[in-house]
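Please read the structure below before turning to the comments.
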Amino acid sequence: MNIAIITAGGTGSRMGNKIPKQFIDVNGKPIIAYTIEEFERHRHIDAIVLVCLKEWIERSLIAMKRNYISKMVRVVEGGAEGQQSIYNGLLAAQDYAREMGCDNPTGLIHDAVRPLVTSQLITDCINATDAHGNAIAMAPPTETFIIEKEGQRQLLDRDKMHIVRAPQCFRLNDILQLHERAIADGKTDFRDCCSMLCDYDIPYHMVIGPTTNIKITFPSDVILFRSLLNYIEMQQVFTPPMT
């Protein structure tokens with residue numbers, strides 16, 4: 001069993017909007033709907049758990065109904081921080097899996113504001129988790145990175161760097177145990193599960209995904225998302241049919 005855990009618990013304060021960024025309307029549909037639709041369509045995703053701001057749960061359910069989402073099995077409230085929201089989603093996924101008689105499903109943790117995740121990347125993460133126990137979607141950097149510390153500057157080797165993205169995929173019991181270990185150790189501010197793996201020196205398997213798998217954080221990202229959507233649609237229109 002493969003369960004997608006979609007995290008939409010953030011307020012999007014950096015966006016400067018009155019509504020959370022995952023609910024911004026793009027071409028007549030909220031961003032969160034684009035994200036969930038990709039998991040809904042994927043033939044290897046059996047269920048979807050949504051982690052959402054409490055006051056936006058009802059609006060989420062309306063959006064799912066309007067966009068014919070049928071795999072949604074749980075909607076749970078997010079936590080005060082991202083780590084807590086992920087943990088809430090993992091617990092809900094475990095609860096559903098046990099109801100279905102599955103002891104240790106695969107969980108794919110994904111940001112609601114990464115709406116351009118591809119079917120191929122989802123497949124690659126599932127396959128890598130089957131083979132290696134976990135999978136972290138990443139992308140190569142395209143910028144130059146410099147660290148400044150105490151007046152000293154260090155130019156980092158871009159060829160040895162990767163941008164951590166999502167999905168982040170695990171055997172559900174394994175990542176739940178790691179979350180519980182972190183909580184017991186008083187560590188509650190991890191940004192994502194990959195950061196948790198690194199902190200505990202646990203190996204991860206890297207899956208390189210497309211550079212278009214962006215996270216919508218700033219207003220300019222909405223413009224980029226809209227442009228990429230238009231580009232994808234034009235490709236579909238002008239690509240000759242397969243023979």
Side-chain angles (χ1 to χ4, degrees), residues 1-42 44-97 99-100 105-119 121-122 137 165-169 172 175 179 191-193 213-219 221-222 225-226 228-229:
M1 174 179 282
N2 301 309
I3 304 176
I5 297 119
I6 309 298
T7 58
T11 59
S13 57
R14 285 176 290 183
M15 183 67 71
N17 258 39
K18 294 181 179 180
I19 66 171
K21 55 191 174 181
Q22 56 269 30
F23 293 100
I24 293 173
D25 190 278
V26 176
N27 295 351
K29 187 162 56 178
I31 289 170
I32 189 173
Y34 287 97
T35 305
I36 292 177
E37 278 179 342
E38 200 60 50
F39 290 90
E40 171 77 18
R41 288 192 293 260
H42 199 286
H44 293 308
I45 296 296
D46 302 294
I48 300 170
V49 170
L50 176 63
V51 185
C52 188
L53 293 165
K54 181 179 180 180
E55 57 270 29
W56 287 84
I57 288 177
E58 184 176 351
R59 184 159 176 174
S60 296
L61 294 173
I62 293 171
M64 296 310 102
K65 185 176 181 180
R66 286 177 177 171
N67 291 280
Y68 305 102
I69 302 300
S70 63
K71 293 182 181 179
M72 187 78 67
V73 297
R74 295 285 191 279
V75 179
V76 296
E77 183 180 345
E81 303 292 340
Q83 181 180 332
Q84 181 64 53
S85 292
I86 293 171
Y87 183 60
N88 291 353
L90 293 171
L91 289 175
Q94 183 187 61
D95 179 65
Y96 174 76
E99 282 187 12
M100 296 295 105
T106 294
L108 297 90
I109 303 162
H110 191 76
D111 307 306
V113 287
R114 288 192 189 275
L116 290 175
V117 60
T118 63
S119 177
L121 181 56
I122 295 170
R165 290 186 168 173
Q168 298 186 7
C169 192
L172 196 62
I175 193 61
H179 267 261
R191 292 181 179 271
D192 59 9
C193 293
N213 183 26
I214 61 171
K215 182 177 182 180
I216 295 176
T217 305
F218 301 105
D221 297 323
V222 178
F225 172 49
R226 195 188 305 272
L228 288 168
L229 272 182

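For Gln168 (side chain) and Arg165 (main-chain N/O), a donor-acceptor pair under 3.5 Å exists by modelled atom type. No donor-acceptor pair under 3.5 Å is formed between the side chain of Ser119 and the backbone N or O of His42. Side-chain atoms of Asp221 do not come within 3.5 Å of backbone N or O of Ile214 as any donor-acceptor pair. Of the possible polar contacts, none joining the Gln22 side chain to the Ala112 backbone as a donor-acceptor pair under 3.5 Å is found.
Side chains of Pro20 and Leu53 form a contact here, defined as non-hydrogen atoms less than 4.5 Å apart. Looking at Ile86 and His179, their side chains come closer than 4.5 Å, going by heavy atoms from C-beta outward. Using a 4.5 Å cut-off on side-chain heavy atoms (C-beta onward), Val73 and Ile48 make no contact. At least one side-chain heavy atom of Ile32 sits under 4.5 Å from a side-chain heavy atom of Leu50. Side-chain contact between Ile216 and Pro115: present, with at least one pair of heavy atoms (C-beta onward) separated by less than 4.5 Å. Between Thr217 and Lys21 the shortest side-chain heavy-atom distance falls below 4.5 Å. At a threshold of 4.5 Å between non-hydrogen side-chain atoms, the residues Asn67 and Glu37 count as touching. Residues Leu229 and Val26 have side chains in contact (heavy-atom distance under 4.5 Å, counting atoms from C-beta outward).
In this structure, Val117 and Glu38 approach most closely via the heavy-atom pair O-CG, 3.1 Å. Between Val49 and Ala92, the closest heavy-atom pair is CG1-CB, 3.9 Å. Ser60 and Phe23 get closest at one heavy-atom pair: OG-CZ, 3.1 Å. Of all heavy-atom pairs between Ile3 and Pro105, the closest is CD1-CG, 4.1 Å. Closest approach of Gln84 to Gly79, counting heavy atoms only: CG-CA, 3.5 Å. A pairwise comparison of heavy atoms in Val51 and Gly78 identifies CG1-CA, 3.5 Å as the closest pair.
Relative to the ring axis of Phe39, Lys71 does not place its NZ or CZ within 45° and under 6.0 Å from the centre.
Using cut-offs of 30° and 60° for the angle between ring planes, the Tyr34 and Phe225 rings count as perpendicular.
Listed by first then second residue, pairs satisfying salt bridge (charged side-chain N to carboxylate O under 4.0 Å, His left out) with a partner in residues 76-97 read Arg74-Asp95, not counting sequence neighbours. Sorted by first and then second residue, the pairs that involve residues 105-116 and meet salt bridge (charged side-chain N to carboxylate O under 4.0 Å, His left out), not counting sequence neighbours, are Asp111-Arg114.
With sequence neighbours excluded, the residues satisfying side-chain contact (heavy atoms from CB on, under 4.5 Å) with Asn2 are His44, Ile45, Asp46, Thr106, Leu108, Ile126.
If you check the side chains of Glu40 and Ser70, you find a donor sitting under 3.5 Å from an acceptor.
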Query raised in the report: Does the side chain to side chain contact (heavy atoms under 4.5 Å, CB included) test come out yes or no for Met64 and Ile36, once each step is laid out?
Result: CA-CA 8 Å; Met64 296 310 102; Ile36 292 177; 3.5 Å; yes
**Report entry** Steps toward side chain to side chain contact (heavy atoms under 4.5 Å, CB included) verdict (Cys193, Ile109)
**Finding:** CA-CA 9 Å; Cys193 293; Ile109 303 162; 3.5 Å; yes
Report task. Take Thr35 and Val113, measure what side chain to side chain contact (heavy atoms under 4.5 Å, CB included) needs, and give me the verdict at the end. Result -> CA-CA 7 Å; Thr35 305; Val113 287; over 6 Å; no
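Distance check: Ile175 CD1 to Cys169 SG gives 10.5 Å after rounding to the nearest 0.5 Å. Between the CE atom of Met72 and the CD1 atom of Ile69 there is a distance of 6.5 Å, given to the nearest 0.5 Å. Between the CD atom in Glu58 and the CG atom in Leu61 there is a gap of 7.5 Å [rounded to 0.5 Å].
Residue Arg66 qualifies as open at atom CZ: its count of foreign heavy atoms under 6.0 Å is 12 or below.
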